[in-house]
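Reading through the structure tokens given below for one structure.
Residue numbers start at 1 and run along the sequence shown.
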Amino acid sequence: MAKHLRIHGIVQGVGYRAGFDAQARALGVSGWVRNRRDGSVEAMVRGDDALLQQLITWAHRGPAMARVDHIDIVETKDAQIAMESFYIRPTE
């Protein structure tokens, strides 16, 4: 299963990407996360549905300094996440 997430709120400059990366790696989820120029954070994640749900639960909280207003989540079959690991991509 794969999902595209767009996280909105105070999610840049607060360690959100690093925290998301650490959570994804701990869960064994593959994909990527990056900042967007509009102030949101974007992620493409792939893994077992239960593991993705755990990651999304964390994403709604984020790190201590973050404030997540809402997350747009879309199921996808994006080939860009057909990888074995998780990484942080440059801002786009």
Side-chain angles (χ1 to χ4, degrees):
M1 173 160 288
K3 294 185 187 269
H4 177 252
L5 285 69
R6 196 65 169 268
I7 302 105
H8 303 271
I10 300 174
V11 292
Q12 290 191 17
V14 294
Y16 196 94
R17 284 179 305 161
F20 195 100
D21 178 59
Q23 290 294 316
R25 289 173 183 267
L27 292 168
V29 171
S30 63
W32 52 263
V33 64
R34 69 177 164 200
N35 283 342
R36 298 292 300 199
R37 287 192 177 94
D38 66 1
S40 67
V41 168
E42 178 182 27
M44 293 289 289
V45 294
R46 180 178 176 192
D48 178 78
D49 191 40
L51 297 176
L52 292 183
Q53 190 54 52
Q54 288 180 53
L55 182 59
I56 290 167
T57 297
W58 180 90
H60 279 283
R61 289 187 318 266
M65 298 297 291
R67 188 194 77 221
V68 177
D69 293 336
H70 70 279
I71 301 178
D72 300 320
I73 303 170
V74 177
E75 287 191 28
T76 182
K77 294 180 182 177
D78 195 311
Q80 293 180 6
I81 56 173
M83 69 221 29
E84 297 298 319
S85 63
F86 198 88
Y87 64 100
I88 298 175
R89 292 179 75 174
T91 298
E92 186 171 292

Sequence neighbours excluded, which residues qualify as side-chain hydrogen bond (donor to acceptor under 3.5 Å, both in side chains) partners of Gln23?
none
Partners passing side-chain hydrogen bond (donor to acceptor under 3.5 Å, both in side chains) against Asp72 (at least two apart in sequence or in another chain)
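His8.
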Between Val29 and Phe20, is there a side-chain heavy-atom distance shorter than 4.5 Å?
no
Taking the side chain as C-beta and beyond, is there a heavy-atom pair between Met44 and Thr76 under 4.5 Å?
yes
Regarding Arg34 and Glu92, does a basic nitrogen lie under 4.0 Å from an acidic carboxylate oxygen?
yes
Salt bridge (charged side-chain N to carboxylate O under 4.0 Å, His left out) contacts touching residues 24-33 (sequence neighbours left out):
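Listed once each, the pairs are Asp21-Arg25.
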Pairs involving residues 5-17, ordered by first then second residue, that meet salt bridge (charged side-chain N to carboxylate O under 4.0 Å, His left out) (sequence neighbours left out):
Arg6-Asp38
Do you know which two heavy atoms are closest between [X] and [Y], and how far apart they sit?
X	Y	answer
Val11	Tyr16	O-CB, 3.1 Å
Phe86	Ser30	CD1-C, 3.6 Å
Val14	Ile10	CG2-O, 3.8 Å

Using the side chain to side chain contact (heavy atoms under 4.5 Å, CB included) rule, take Val33 and Arg89 through it: C-alpha gap first, then chi angles, then the decisive distance, then the call.
CA-CA 6 Å; Val33 64; Arg89 292 179 75 174; over 6 Å; no
Mind checking salt bridge (Lys or Arg N to Asp or Glu O under 4.0 Å) for Glu75 and listing every partner two or more places apart, or none if nothing turns up?
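Partners of Glu75 under the salt bridge (Lys or Arg N to Asp or Glu O under 4.0 Å) test: Lys3.
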Can you give me every donor-acceptor pair (side chain of residues 54-71, partner residue at least two apart or in another chain, under 3.5 Å) with its distance?
unit_1, atom_1, unit_2, atom_2, d
Thr57, OG1, Gln53, O, 2.9
Arg67, NE, Asp69, OD1, 2.8
Arg67, NH2, Asp69, OD1, 3.3
Arg67, NH2, Asp69, OD2, 3.0

